[in-house]
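Working notes for the structure below.
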Amino acid sequence: MKRIVTSVIVVATWSAIFASPSHGQVIRRPPIRPSDVTAPPKDAGAITKRPSPEEKESVAGGLWIKGLSAKRIDSGISIVGVIGNNSPKSLDGVAYTISRWNGNGWTTIAGGKDLSVGSNKSYDAAGFLNASNQAIKLKLDVSGPGVFGAPVVKKTKEWTLPARRTAFVVRYRAKRWALAADFKEGDTAGTIFEDARRHAATLNSLGFETQIRNTTNQEVLGGLSYRSLVFARTPTEQSRTFDNLPAAEEFRGSLRTLVRDRTNLSLGMVREEEVN
């Protein structure tokens, strides 16, 4: 019995010695995986869009401002503010004011009171301003009852109509050859012909095609007479743009001087047009 126990102890001892790592030996163990609690979610890199103030209000329930905008029309500037009600009941006693910033404070443009906005309906609050090319800062103030006995609700929204950039445009065209100038006075032929060349060069700079016809005639009483005719045309419509009306009007008047035969010159009125 003692021999058997001794043998078992010896075998166990040698097994432990061979199982232990020798000096310098590296033991490779499988990596420890993080638990599900600490592991990052699969969509950790996704960007979550934050709702806008309008979107927050639209789901809050009750009175809210859906939008405020304005646009330029022929007669002036049309303003529209949209008041919404996404509660399950109609809201009565709603009031609004539309104002414009005057540089020192707000000036009321339009307003309304004792309005009723139905459940999940909207109301268009309208305003109007005279025409202007300047930037216009607007504000819509809305007040009304809260939902289910809540206190009075007040909402405000501001919006700016960008400035309108315009230019004054003159359009002109001469489909057929038109007599632009007739030079026949001067001390020498060189003066007359040079005047014609300068006139043609001015027309060329404005998009005209030109032709010059120089003639020399023998006078009955002796001596020579000289004449130079300048013709011009523009197969396609031409235009010039100016920052102000007086400059455009002055240019339009100069065209009537540069082209003598105005029956073949199509000359439009000065127009104010929007530019990008």
Applying side chain to side chain contact (heavy atoms under 4.5 Å, CB included), run through E272 and N133 and close with a yes or a no. CA-CA 11 Å; E272 185 179 11; N133 291 331; 3.3 Å; yes

Under the side chain to side chain contact (heavy atoms under 4.5 Å, CB included) rule, what do I79 and L161 come out as? Steps first, then yes or no, please. CA-CA 10 Å; I79 306 167; L161 177 66; over 6 Å; no

Show your working on side chain to side chain contact (heavy atoms under 4.5 Å, CB included) between V170 and L267 and close with a plain yes or no. CA-CA 8 Å; V170 179; L267 182 59; 4.1 Å; yes

Which is it for I212 and F183 under the side chain to side chain contact (heavy atoms under 4.5 Å, CB included) test, yes or no, and what are the steps along the way? CA-CA 11 Å; I212 298 177; F183 295 96; over 6 Å; no

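Looking only at side-chain heavy atoms (C-beta outward), F128 and I73 come within less than 4.5 Å of each other. Side chains of Q238 and T236 form a contact here, defined as non-hydrogen atoms less than 4.5 Å apart. The shortest side-chain heavy-atom distance between K175 and S266 does not fall under the 4.5 Å cut-off. By the 4.5 Å heavy-atom criterion applied to side chains, R240 and L255 are not counted as neighbours. Between N85 and K121, the closest side-chain pair of non-hydrogen atoms is not below 4.5 Å. For the pair N264 and W177, the minimum side-chain heavy-atom distance is 4.5 Å or more. Between E249 and F242 the shortest side-chain heavy-atom distance does not fall below 4.5 Å. Residues L91 and V153 are not in side-chain contact: their nearest non-hydrogen atoms beyond the backbone lie 4.5 Å or more apart.
For the atom pair CD1 of I109 and OG of S99, the computed distance is 7.0 Å after rounding to the nearest 0.5 Å. Expressed to the nearest 0.5 Å, how far OG1 of T166 lies from CG of D243 amounts to 9.0 Å. Here OG of S228 is found 8.5 Å from CG of D195. Values are rounded to the nearest 0.5 Å. Rounded to the nearest 0.5 Å, atoms CD1 (I83) and CH2 (W64) are 12.0 Å apart. Here the straight-line distance linking atom NZ of K139 with atom CD1 of I98 works out to 12.0 Å at 0.5 Å rounding. Separating the CZ atom in R171 from the CD atom in E273 is a distance of 4.0 Å, to the nearest 0.5 Å.
A donor-acceptor pair under 3.5 Å links the side-chain atoms of N86 to the main chain of G62, judged by distance alone. A donor-acceptor pair under 3.5 Å is formed between the side chain of R252 and the backbone N or O of G268. Between the side chain of R262 and the backbone N or O of T257, no donor-acceptor pair lies under 3.5 Å. The main-chain N or O of K71 is never found under 3.5 Å from a side-chain atom of S78 such that the two would form a donor-acceptor pair. Side-chain N or O atoms of R100 include none that pairs as donor or acceptor with a backbone N or O of I136 at under 3.5 Å.
When all heavy atoms are compared, the tightest approach of S90 to S116 is OG-OG, 3.4 Å. Taking both residues in full, the closest heavy atoms of V270 and A248 are given as CG1-CB, 3.7 Å, listed atom of the first, atom of the second, then distance. The nearest pair of heavy atoms linking I77 to N130 is CD1-O, 3.8 Å. For the pair L68 and L140, the tightest heavy-atom approach, listed with the atom from each and the gap, is CD2-N, 3.8 Å. Shown here for G84 and K66, the closest heavy-atom pair between the two residues is CA-CD, 3.8 Å. Nearest heavy atoms, A126 versus A110: O-CB, 3.5 Å.
Aromatic pair Y172/F208: ring centres closer than 6.0 Å.
Counted within 6.0 Å of CD on Q134, heavy atoms from surrounding residues, nucleotides or ligands total 12 or fewer; the atom is thus considered open. A 6.0 Å sphere centred on CD of E250 holds no more than 12 heavy atoms belonging to other residues, nucleotides or ligands. Within 6.0 Å of CZ in R260 there are 12 or fewer heavy atoms belonging to other residues, nucleotides or ligands. Heavy-atom neighbours of R176 CZ from other residues, nucleotides or ligands within 6.0 Å: at or below the threshold of 12.
A perpendicular orientation is assigned to the rings of W106 and W101, their planes being inclined by more than 60° (bins at 30° and 60°).
Under a hydrophobic-cluster definition in which Ile, Leu, Val, Met, Phe, Trp and Tyr are linked whenever side-chain heavy atoms come within less than 4.5 Å, directly or via other members, L265 and L229 are assigned to different clusters. Hydrophobic clustering of Ile, Leu, Val, Met, Phe, Trp and Tyr side chains at less than 4.5 Å, counting indirect connections, keeps V169 apart from F251. The cluster map of Ile, Leu, Val, Met, Phe, Trp and Tyr, joined by side-chain heavy atoms under 4.5 Å apart, puts V94 and V80 in different clusters. Connection of V142 to W159 is established within a shared hydrophobic cluster, with ILVMFWY side chains joined at heavy-atom distances below 4.5 Å, either directly or through further cluster members. L203 and F231 end up in different hydrophobic clusters when Ile, Leu, Val, Met, Phe, Trp and Tyr side chains are linked at under 4.5 Å.
Here R233 pairs with E209 in a salt bridge; the nearest charged N to carboxylate O distance falls below 4.0 Å. Taking the charged nitrogens against the carboxylate oxygens, K154 and D141 have no contact shorter than 4.0 Å, which rules out a salt bridge.
None of T215, D182, N214 except one satisfies the side chain to side chain donor-acceptor pair (under 3.5 Å) rule with R227; the exception is D182.
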